[in-house]
J.: 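So that we are looking at the same thing, I have put the structure below in structure tokens.
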Amino acid sequence: MTDAETGPNSTLSQRSSVVIVGAGPAGLTVGNLLRAAGVDCVVLECESRTFIERRPRAGVIEEWAVRALDRRGLAAQLLKRAERHTECEFRFAGERHRFGYTELTGQHHFVYPQPLLVTDLVREYADVRGGDIRFGVRDVRLHDLEGGRPSVSYTCGDTGRRRVLHCEFVAGCDGARGATREALPAGRVRVARHDYGIGWLALLAQAPPSTDRVLFGMHEEGFAGQMPRSPDVTRYYLQCPPGDDPEGWSHERVWAQLRKRLAAAGAPPLTEGELIEKRVLDMHDYVTEPMTYGRLFLAGDAAHLVAPIAAKGLNLALHDAFLLADAIVAHAAGDSSGIEGYGEACLRRVWDYQEFSQWLSEVYHGASFGDPFRTGTTLARLRRLFTSRAAATAFAEQYLGSAEGY
């Protein structure tokens, strides 16, 4: 990296091959892989390191993604600490139905809270590999993306001084509301959006899970889910109206609804505890096409959002990151085919996961709309999972994610 400064009040100008905007799983994975390959890069993050290492997010990582991280030297802590899940449980019509997806496919899920993964990736990038990461930046702007000399400017959080990074590529990994999405010109990209018309009340309880597996409860009053996060913390979801006020859900109301919607014959009682997080997620998806604009390459939620219905968002972000980092490394060696085909390669998996999420939403929520026809077809889908091995295997393969290419 080179510096150029012409006076005490001038903007500090620097150069790097790649500027990565956003220090989430996608951005940090790209940074680590570029750093390991000797491609210089800078990561810009608007929040502090402490904030990103504590920000509550997803926790289910598909096996192919963990294997890909491991081959790249990024999964040592994950493999030591993550829980391996081999089955889940559906509860409907007052009964429990265990679904052993590992028995059907030989694959499993890893449960590893995203803050722990981010902590691992930050440590590897900044502390072990000596990568350049700048926290607390403000007013990030992208320039000249269609030319051969793009740049990213920002204000340093510590000094208040304006800085400019000239680069060859910009990796947009800063999420749905980040600067890189805002840099996309109207009319040059298409954003396909789908709204489910429902909300999920997302809860974290300071309490051990009632069972050691994920629970899905289909009930006429709405979906409920239990996702173990650690021996002492459990994630719960409750279907609610979109835009609902989380403060309207008291401790008593939350646990009463969870008990009702997850009730089933022979099920152990829920272990109640303090609710340490309550927020409402309006269920929607979007896909940005193309995922590239000039020298800007989007990854993760900056390019697409998949509702947490099927726990696919983190896995799509990692898939994008692997493809983007590998493409940039290959470009540096003279092969531009990966760069040219990046968006198309990502979108095949994106649309596959979006379709599965939409299908699964009807399974979760169909009985809650008060429509006898939707209730009947929802129950038919559920019964098929437990009476047809072919249907069960097809579902398990989609639930676990495609290992194609990994």
Side-chain angles (χ1 to χ4, degrees), residues 1-6 11-46 49 52 69 71-74 118 120-137 140-159 161-174 178-180 183 292-300 302 317-318 320-340 342:
M1 177 171 301
T2 60
D3 297 356
E5 189 171 12
T6 59
T11 299
L12 179 63
S13 177
Q14 297 178 303
R15 185 171 301 282
S16 178
S17 295
V18 183
V19 175
I20 302 166
V21 185
L28 291 168
T29 299
V30 172
N32 271 296
L33 300 185
L34 295 183
R35 186 74 179 165
V39 177
D40 61 304
C41 58
V42 177
V43 178
L44 302 178
E45 171 56 49
C46 63
R49 179 169 179 170
I52 68 167
L69 287 168
R71 286 197 301 274
R72 292 160 170 85
L74 298 175
V118 167
D120 296 343
L121 293 173
V122 170
R123 182 187 301 114
E124 185 68 24
Y125 178 78
D127 303 336
V128 176
R129 302 184 181 183
D132 187 343
I133 183 166
R134 305 176 188 185
F135 294 102
V137 304
V140 176
R141 301 182 188 181
L142 282 61
H143 313 276
D144 302 320
L145 294 172
E146 290 190 281
R149 297 170 58 86
S151 62
V152 179
S153 64
Y154 67 95
T155 299
C156 177
D158 293 331
T159 66
R161 189 168 191 176
R162 198 72 186 159
R163 294 175 177 250
V164 177
L165 290 166
H166 298 277
C167 58
E168 187 174 4
F169 299 113
V170 180
C173 308
D174 52 342
T180 59
T292 62
Y293 170 66
R295 294 296 183 119
L296 170 63
F297 295 79
L298 302 179
L318 291 172
D320 292 350
F322 298 141
L323 289 180
L324 181 54
D326 290 348
I328 293 173
V329 171
H331 174 82
D335 179 3
S336 297
S337 60
I339 284 290
E340 294 167 358
Y342 165 72

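The figures here come from the full heavy-atom set of this structure, side chains too, leaving out hydrogens, waters and symmetry mates.
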J.: Given side chain to side chain contact (heavy atoms under 4.5 Å, CB included), test Val19 with Leu142 step by step and report yes or no.
T.: CA-CA 10 Å; Val19 175; Leu142 282 61; over 6 Å; no
J.: Between Ala321 and Leu33, which heavy-atom pair has the shortest distance, and what is it?
T.: O-CD1, 4.5 Å
J.: Between Arg35 and Tyr125, is there a donor-acceptor pair closer than 3.5 Å when you use the side chain of the first and the backbone of the second?
T.: no
J.: Can you give me the closest heavy-atom contact between Cys173 and Thr180, atom names plus distance?
T.: N-OG1, 4.5 Å
J.: Looking at every heavy atom in both Leu145 and Ala183, which two are closest together, and how far apart are they?
T.: CD1-CB, 4.2 Å
J.: Answer whether the closest heavy-atom distance between the side chains of Ile133 and Leu28 falls below 4.5 Å.
T.: yes
J.: Give the minimum heavy-atom separation between Ser16 and Asp40, together with the two atoms involved.
T.: CA-OD2, 3.2 Å
J.: What donor-acceptor contacts under 3.5 angstrom involve side-chain atoms of residues 147-154, with partners at least two apart or in another chain?
T.:
residue, atom, partner, partner atom, Å
Ser153, OG, His143, NE2, 2.7
Ser153, OG, Arg162, NH2, 2.8
Tyr154, OH, Arg134, NH1, 2.6

J.: Output, in order, the C-alpha distance, side-chain angles, deciding distance and verdict of side chain to side chain contact (heavy atoms under 4.5 Å, CB included) for Leu44 and Leu165.
T.: CA-CA 10 Å; Leu44 302 178; Leu165 290 166; 4.0 Å; yes
J.: Do Asn32 and Arg72 have side chains that get closer than 4.5 Å, going by heavy atoms?
T.: no
J.: State which residues pass ring-ring contact (aromatic ring centres under 6.0 Å, His included) with Phe169; sequence neighbours excluded, sorted by chain then number.
T.: Phe297, His331
J.: Provide the closest heavy-atom pair for Ala302 versus Leu298 in the form atom of the first, atom of the second, distance.
T.: O-CD1, 3.6 Å
J.: Would you call Arg71 and Asp326 a salt bridge, taking side-chain N to carboxylate O under 4.0 Å as the test?
T.: no
J.: Which heavy-atom pair separates Ala23 from Ile52 by the least distance, and what is that distance?
T.: O-CD1, 3.6 Å
